[in-house]
Amino acid sequence: MNSKLTPVILILLCLVASSAIGSEPADRPQGPRSATVLEFAGVDTLFVADSDGGKIFAYTLPTAANAQSPTDSKPFNLVGFSNQIAEHLKVDPRALRYHDLAVHPVTKDAYISVSIRHSSETTAPAIVKVSQAGTINQLDLSRLDQATFPLVGAAGDSVTFWRDLPASTFSVTDLDFADGYLYVSGLSTGEFSSTLRKIPFPFDGNASASTIEMYHAAHNQNETRAPIRAMTVVDLDGKKTVVAAYTCTPLVTIPVAELEDGKHVTGKTVGELGYGNTPLEVVSYRSYNMQGEAEEFVLVVNREMAADLIRLDDLASAAKADGLAQPVELGDSSGVATTPIPLSGVLQAADQDAQFLLTLKRNLETGEMDLVSYRKGAYMRIS
């Protein structure tokens with residue numbers, strides 16, 4: 001190469017490179033600051049809650065149109081799964097924080113949202129897709145078609161709990177999609193901060209935001225600031241109803257028909273499941289009872305207690321009754337009948353298919369995360 005031309009060529013190459021680098025962010029849609037709660041709508045839409053940014057993202061999965069169901073029902077059995085995710089993401093397993101688990105309604109692949117903590121104390125969101133064979137792929141959200149919905153009045157970082165936990169952590173606590181609407185629970189600004197939003201999808205800019213009040217029997221007080229921690233939307237005697245679980249642990253029913261924009265709604269406390277506990281998931285599904293008959297259930301997965309299995313018929317009866325209005329002694333349970341289910345160490349759960357529940361659970365022997373299925377009905381797994 002002519003030595004006199006070399007500096008000119010280098011300058012041109014640098015200009016081209018810098019131009020390409022500078023234009024890349026403009027070509028890519030802005031992604032979420034965090035990825036916490038996940039929820040599917042049909043076979044091609046994945047909702048991702050951005051709690052830090054106060055937004056809901058709806059991503060279109062490009063392969064969903066060609067998705068095929070497995071030919072038979074198989075359990076996940078990925079023990080020590082946290083090491084596999086960490087290796088795939090090229091991070092230390094201790095840098096990962098797990099947020100949610102969702103199952104694709106057709107392929108039955110697991111979608112897991114995590115945050116990665118860096119040495120600078122900053123975090124970055126990531127979502128991985130996992131097959132039953134253990135194949136891991138990280139979603140490149142920037143390459144997916146997306147729609148966003150900003151949550152007006154979402155909780156921000158100006159208020160903290162326990163000195164250092166930003167209120168934005170609770171701006172979205174759970175998502176559920178039913179009959180064309182996305183239900184979003186969490187905190188908002190204002191005097192009554194516990195909020196339940198109902199957002200039509202596809203997003204058209206419209207939504208209702210209702211503040212929610214409920215009676216907490218273990219505290220013997222009405223509460224308007226405690227957010228719903230986990231929920232599901234079910235039909236109770238033909239009425240679409242939100243079944244909501246709160247910390248420490250009231251179980252509340254909220255008729256969807258009462259959710260109007262700007263309305264203050266009082267839910268009915270149908271159960272007190274136990275104090276000092278955080279509900280992690282409320283999952284509704286069909287399974288078989290002890291008589292071999294198909295029946296609808298709601299499962300409340302708890303952090304500090306055994307899970308609570310509730311017959312949907314019992315929940316419907318409790319919703320028609322007066323509800324709890326008197327205090328319950330600490331340590332006692334009351335209200336709707338529940339069956340304790342041994343799901344020790346489970347952090348997240350999702351309805352997998354007709355036979356199985358999928359769980360993301362802490363291995364109590366190794367401390368690692370396992371991605372494993374439990375057969376519906378017995379929930380006994382001896383690994």
Side-chain angles (χ1 to χ4, degrees), residues 37-49 55-61 64-65 67 69 100-108 111 146-152 172-186 194-212 227-245 251-263 265 267-268 270 281-287 294-300 310-313 315-316 318-320 349-354:
V37 189
L38 305 178
E39 174 73 3
F40 274 101
V43 300
D44 59 358
T45 301
L46 177 66
F47 294 113
V48 178
K55 296 179 181 179
I56 304 295
F57 286 76
Y59 289 101
T60 301
L61 303 179
S69 299
D100 202 12
L101 165 70
V103 176
H104 190 282
V106 175
T107 67
K108 305 306 177 184
Y111 287 69
Q146 69 174 47
T148 60
F149 192 94
L151 301 178
V152 177
V172 179
T173 54
D174 206 1
L175 302 174
D176 200 43
F177 184 76
D179 295 338
Y181 289 92
L182 180 66
Y183 295 82
V184 183
S185 63
S194 177
T195 302
L196 183 55
R197 306 173 194 267
K198 182 183 177 186
I199 305 172
F201 185 79
F203 298 145
D204 59 7
N206 297 310
S208 69
S210 308
T211 54
I212 306 298
I228 296 169
R229 294 305 297 264
M231 65 177 179
T232 188
V233 180
V234 298
D235 286 321
L236 296 182
D237 284 337
K239 297 180 180 179
K240 194 69 69 177
T241 305
V242 177
V243 179
L251 189 68
V252 178
T253 56
I254 305 166
V256 165
E258 297 184 16
L259 299 178
E260 300 176 7
D261 191 37
K263 185 177 180 180
V265 178
K268 179 180 291 184
V270 296
E281 288 283 357
V282 179
V283 185
S284 57
Y285 58 86
R286 171 171 291 197
S287 182
E295 196 169 3
E296 301 288 335
F297 295 92
V298 167
L299 179 72
V300 182
I310 306 168
R311 297 174 63 248
L312 200 65
D313 287 346
L315 199 56
K320 289 188 295 186
D351 189 10
Q352 178 182 320
D353 56 29

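Since the model is a prediction, treat every value here as computed from it, not as a measurement.
Annotation: the span from E281 atom CD to D100 atom CG amounts to 5.5 Å, rounded to 0.5 Å. For the atom pair OH (Y59) and OG1 (T148), the distance works out to 9.0 Å, reported to the nearest 0.5 Å. Here the CZ atom belonging to F297 is positioned 11.0 Å from the CD1 atom belonging to I310, to the nearest 0.5 angstrom. Taken to the nearest 0.5 Å, the CD atom of Q146 stands 9.5 Å off from the OG1 atom of T60. Rounded to the nearest 0.5 angstrom, Q352 CD and L101 CG are separated by 9.5 Å.
In this structure, L312 and V298 have side chains that are in contact, with non-hydrogen atoms separated by less than 4.5 Å. At least one side-chain heavy atom of V256 sits under 4.5 Å from a side-chain heavy atom of V242. A 4.5 Å side-chain heavy-atom check between L175 and I56 finds at least one atom pair inside the cut-off. Looking only at side-chain heavy atoms (C-beta outward), D174 and R229 stay at 4.5 Å or farther from each other. Inter-residue side-chain proximity for I212 and L259 is flagged as met; some heavy-atom pair is nearer than 4.5 Å. When side chains are defined from C-beta on, V265 does not count as touching L196, because their heavy atoms never get closer than 4.5 Å. Taking 4.5 Å as the limit, some side-chain heavy atom of H104 sits within range of a side-chain heavy atom of L61.
Salt bridge status for K108 with D353: absent, with no side-chain N to carboxylate O gap under 4.0 Å.
The two residues E295 and D313 make their nearest non-hydrogen contact at OE2-OD2, 4.4 Å. Taking every heavy atom of both residues into account, V300 and A245 meet most closely at CG1-CB, 4.3 Å. Shortest non-hydrogen contact noted between A207 and P200 is CA-CD, 4.3 Å. Minimum interatomic distance between D176 and V233 (heavy atoms only, all atoms of both residues): OD2-N, 2.8 Å. The two atoms that bring V234 and S284 nearest to each other are CG1-CB, 3.7 Å, heavy atoms only. Taking both residues in full, the closest heavy atoms of A178 and Y183 are given as O-CE1, 4.0 Å, listed atom of the first, atom of the second, then distance.
Around NZ of K263, the count of heavy atoms belonging to other residues, nucleotides or ligands within 6.0 Å exceeds 12. More than 12 heavy-atom neighbours from other residues, nucleotides or ligands sit within 6.0 angstrom of CZ on F57.
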Full working for side chain to side chain contact (heavy atoms under 4.5 Å, CB included) between L251 and V243: CA-CA 7 Å; L251 189 68; V243 179; 4.0 Å; yes

How far apart are the C-alpha atoms of L38 and V48, what are their side-chain angles, what is the distance that settles it, and do they pass the side chain to side chain contact (heavy atoms under 4.5 Å, CB included) test? CA-CA 5 Å; L38 305 178; V48 178; 3.9 Å; yes

Does the side chain to side chain contact (heavy atoms under 4.5 Å, CB included) test come out yes or no for D235 and K240, once each step is laid out? CA-CA 5 Å; D235 286 321; K240 194 69 69 177; 3.2 Å; yes

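Under the 3.5 Å distance criterion, the side-chain polar atoms of T173 are matched with a main-chain donor or acceptor of I228. Side chain of E39 to main chain of F47: no donor-acceptor pair is present (N/O by atom type, distance under 3.5 Å, no hydrogens or angles). In this structure, the side chain of K268 engages the main chain of A319 through a donor-acceptor pair within 3.5 Å. Between the side chain of S210 and the backbone N or O of E260 there is at least one donor-acceptor pair closer than 3.5 Å. Checked by atom type and distance alone, the side chain of D261 pairs as donor or acceptor with a backbone atom of A209 at under 3.5 Å.
Ring orientation note: the planes of F203 and F149 are tilted relative to one another, at an angle of 30° to 60°.
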